[in-house]
Amino acid sequence: MKDKIQNFLEQTYLKIKTRVKEISLIRYIKTNVLFITFVLINLINSWLLRIVTMGNLFSFKGIISDLAFILITGSFAYLLKPKKQIRVLMPLTIVMTAACIINAVYYENYVSFASFSLLSTASFLGDMNGDIVTGLIHLKDVILIFPVIALPVVHVILKKKKYYPKVEKLERPKKRFLNTVILGAVMTFFTITMMSGSDYSRLKKQWNREYLVQRFGIYVYQLNDAIKSTQSKFTSMFGYDSASKTVREFYDEKKKTDTVNDKTNEYKNIFEGKNLIVIHAESMMTQNMTLSFNNQELTPNLNKLANEGLFFSNYYPQVSVGTSSDTEFTFNTSLLPASTGTVFVNYWKRTYEAMPNIFKNKGYYTASMHANNASFWNRNVMHQTLGYDKFYAKDSFDYSNSDDIMGMGLSDKAFFKQATNKIKKISEKNNNYFVTLITLSNHTPWEDEDKYGDYTVDYKYTETDSNGNTVEKSLPYLEGSELGRYYKSVHYADSAIGELINELDNEGLLENTVIAIYGDHDAKISKKQYKHFYNYDFEASKVSGENEYYDSSNENYVDVDYYNYELNRKVPFIIWTKNSSGNKLLNKKIDKVMGMYDAMPTLANMFNFNYKYALGHDIFNTDNNIVVFPNGNWVTDKMYYNAQKEEYLLLKNSVVNDDEIEKNKEYANKLLEVSDSIIVYDLEAGGNNEKK
């Protein structure tokens, strides 16, 4: 009996205790409706952001980190009376919602997360027409605006129900403020204990943005980025000696290694005394050169040039948030993009060992041409820094014919025709010249289909009708899709390059000239578009969106996974002359893995100029090249390494040991550190110059 009574009392106590907790929890919820709404909607929004960008449904570390941030920042609302707490919670919600939407749009178009350091480039949007700007925004991005609607709606409902006067009588503001801060602090501590040393190293360096958002959440990432972006304006005042030492030691070691491995190759000085015209081909990808639609090559002109000249088939862009401007910088300097912001906008007031400067010192006239506003990507200033004698921008070209306007500005065909006239005048006044032509028409969102010509991306086939007549029919395939529009634009851009070569030849400008063509970066089109492209069922006429067709059990199914997508970002790099065809040295395909930063050293050997601080290599002098990306990933002929997941994909049936991987990881990190030090601290003399 005694045991029964004791058991009854214990059970009763537990029930009462549970009930008290339930009542306490219920009371807390009822008296904190606005704050709880604030927490939930912003937490859900950050979770949705990770889903629509990285497809990351569950990222526990990111969720906890976001929750801690929301609790701590929102806790200050408790210092106001209940009816006035909206004054704190609403601005915070607007800021966090803006962060989510901006990052969603940015990721959709650049497969990376936005940076505060790019706020200074917001004016660039003014240079784009309305269709282009709206084309960057998708429906799923608009969904992320719901918090700024939900919170005021809840607030209005609570006011109508006279909720706030009731709560004011019960609330103890200082206690709730303190409790909320403590809860946020506990979660912050919990987040800290879950992170490794490498996580904090990446947060400090801000290299791998996807990794940071996944581990630290979007709000901590954005706060850290804001701090880093502010630091970039002052950091050159501190840490100079350490950075200088790091750079000096790196190049001392590199010099020893290069001396041991150095050998004069057959391409040395092969283009000495020749002119160089560089074509910066907007969004042109290597995969385009393998495609045909209805038995018509997508890029017949690039294919012809590649077949006649030097074609580097495994050439990777190394862009960060600066996209095209990053490519210009890396191609010309053999340095990597800045870890924070962009070199063109944030670090233009520097001295760089760049090809335009080097060619100028060799007696060449150097010019760049781009039919867009001179201020776009701060080119009007940065091109002077790189060493161009003159930048022919929008105001240097004739825009009077409306038929010549396409996308962001002057069509490539009109641009090339006018550029040829300018090059002819330059050639008449100068013995040698180095000219860069930056194309524009193939820029996203590829909306001017009516001006791209009659190239179609449907699937044409013939059928015999009931009368025995052969009838041509068509399935839509890529017609009407983003990828389809891109391919039509690519065909137009390729046609423009073909016309340029002919125009240069007609003017006699190819006789002593080398043409170098490179794609600046990939088109940044979603995986879903490529899945549709690779797995379209012509018999069933399946269209994009019918997900049941994408059956991975089908042996012909192409899964566009992370590695497939990353490896497909290759861009063409072609070096061609009028007399390349049939030349055993100048008419070949080079399959070695190569990065944008390898172009300058390769051309330096060919044109006979020296450089000291390139990070890349002459591709003809290296057998084990490595391409390091700004996010810490790297690729060799053997493997692609994902720094975010610390895993890799073998590209060949070869054995790769742990020591080799660790060595490459250390090298990649060192390369990023050295490049950033040169940019931030203006170490154009490898750390040996006087501090400025």
Side-chain angles (χ1 to χ4, degrees), residues 32 35-78 88-89 91-104 106-107 111-117 144 146-148 151 177-231 321 339-340 631-632 642-646:
N32 289 272
F35 184 80
I36 292 173
T37 301
F38 163 78
V39 172
L40 290 177
I41 59 178
N42 287 294
L43 186 62
I44 290 171
N45 221 32
S46 64
W47 174 65
L48 287 174
L49 172 69
R50 284 190 291 276
I51 292 175
V52 301
T53 53
M54 299 179 288
N56 194 330
L57 188 60
F58 296 108
S59 178
F60 186 68
K61 293 179 181 179
I63 291 172
I64 295 298
S65 183
D66 280 335
L67 180 57
F69 180 89
I70 294 167
L71 287 172
I72 292 174
T73 55
S75 65
F76 291 93
Y78 282 125
V88 173
L89 301 182
L92 287 173
T93 298
I94 291 173
V95 170
M96 287 188 272
T97 300
C100 289
I101 293 175
I102 290 170
N103 278 285
Y106 194 87
Y107 192 95
V111 198
S112 180
F113 290 98
S115 171
F116 268 97
S117 56
L144 297 173
F146 88 92
V148 297
L151 192 66
F177 166 72
L178 184 60
N179 288 342
T180 306
V181 170
I182 291 173
L183 179 59
V186 168
M187 290 191 169
T188 301
F189 177 77
F190 187 54
T191 301
I192 292 172
T193 58
M194 291 190 296
M195 302 299 175
S196 64
S198 62
D199 289 335
Y200 293 109
S201 175
R202 289 172 179 174
L203 185 66
K204 178 182 178 182
K205 296 172 181 176
Q206 199 81 350
W207 287 336
N208 195 325
R209 296 168 189 270
E210 281 190 328
Y211 183 93
L212 295 179
V213 172
Q214 186 171 309
R215 290 291 195 279
F216 294 93
I218 186 62
Y219 304 129
V220 171
Y221 158 75
Q222 207 71 80
L223 176 64
N224 180 68
D225 176 74
I227 295 171
K228 290 286 291 181
S229 298
T230 303
Q231 282 181 338
V321 295
S339 64
T340 304
N631 63 2
N642 179 350
Q644 178 179 327
K645 296 183 178 180
E646 297 187 339

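Reckoned from all heavy atoms, side chains included, excluding hydrogens, waters and symmetry mates.
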Exercise for review: Quickly, which of Asn32, Asn179, Thr180 forms a side chain to side chain donor-acceptor pair (under 3.5 Å) with Tyr78? Name it, please.
Suggested key: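 Exactly one option meets the side chain to side chain donor-acceptor pair (under 3.5 Å) with Tyr78, and it is Asn32.
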
Exercise: identify the closest heavy-atom pair between [X] and [Y]:
X: Val39; Y: Ile70; answer: CA-CG2, 3.7 Å
X: Met187; Y: Ile64; answer: O-CG2, 3.8 Å
X: Cys100; Y: Leu144; answer: O-CD1, 3.7 Å
X: Gly217; Y: Arg50; answer: CA-NH1, 3.9 Å
X: Gly74; Y: Leu89; answer: O-CD2, 3.8 Å
X: Pro147; Y: Ile41; answer: O-CD1, 3.6 Å

To the nearest 0.5 Å, tell me how far [X] [atom1] sits from [Y] [atom2].
X: Tyr221; Y: Phe69; atom1: OH; atom2: CZ; result: 13.5 Å
X: Ile63; Y: Ile44; atom1: CD1; atom2: CD1; result: 11.0 Å
X: Gln214; Y: Gln644; atom1: CD; atom2: CD; result: 4.5 Å
X: Phe35; Y: Leu151; atom1: CZ; atom2: CG; result: 11.0 Å
X: Leu71; Y: Ile182; atom1: CG; atom2: CD1; result: 12.5 Å
X: Asp225; Y: Ile218; atom1: CG; atom2: CD1; result: 9.0 Å

Would you call [X] and [Y] a side-chain contact if the rule is heavy atoms closer than 4.5 Å?
X: Phe113; Y: Leu212; value: no
X: Thr53; Y: Asn103; value: no
X: Tyr219; Y: Leu67; value: no
X: Asn224; Y: Phe216; value: no
X: Ile101; Y: Leu49; value: no

Exercise for review: For Phe177, enumerate each residue passing the ring-ring contact (aromatic ring centres under 6.0 Å, His included) test, keeping only those at least two apart in sequence or located in another chain.
Suggested key: Phe76

Study note, to complete from the structure: Hits for side-chain hydrogen bond (donor to acceptor under 3.5 Å, both in side chains) against Asn45, two or more places apart or cross-chain, chain-then-number order -> none

Practice item. Could I get the full list of side-chain hydrogen bond (donor to acceptor under 3.5 Å, both in side chains) partners for Ser46, not counting sequence neighbours? Key: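 Applying side-chain hydrogen bond (donor to acceptor under 3.5 Å, both in side chains) to Ser46 gives Asp66.
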
Got a sec, which residues hit side chain to side chain contact (heavy atoms under 4.5 Å, CB included) with [X], two or more places apart in sequence or on another chain?
X: Ile94; result: Met90, Val148
X: Thr188; result: Ala68, Ile72, Ile192
X: Leu40; result: Ile36

Exercise for review: Verify the neighbour count for atom CZ of Phe189: are there more than 12 heavy atoms of other residues, nucleotides or ligands below 6.0 Å?
Suggested key: no

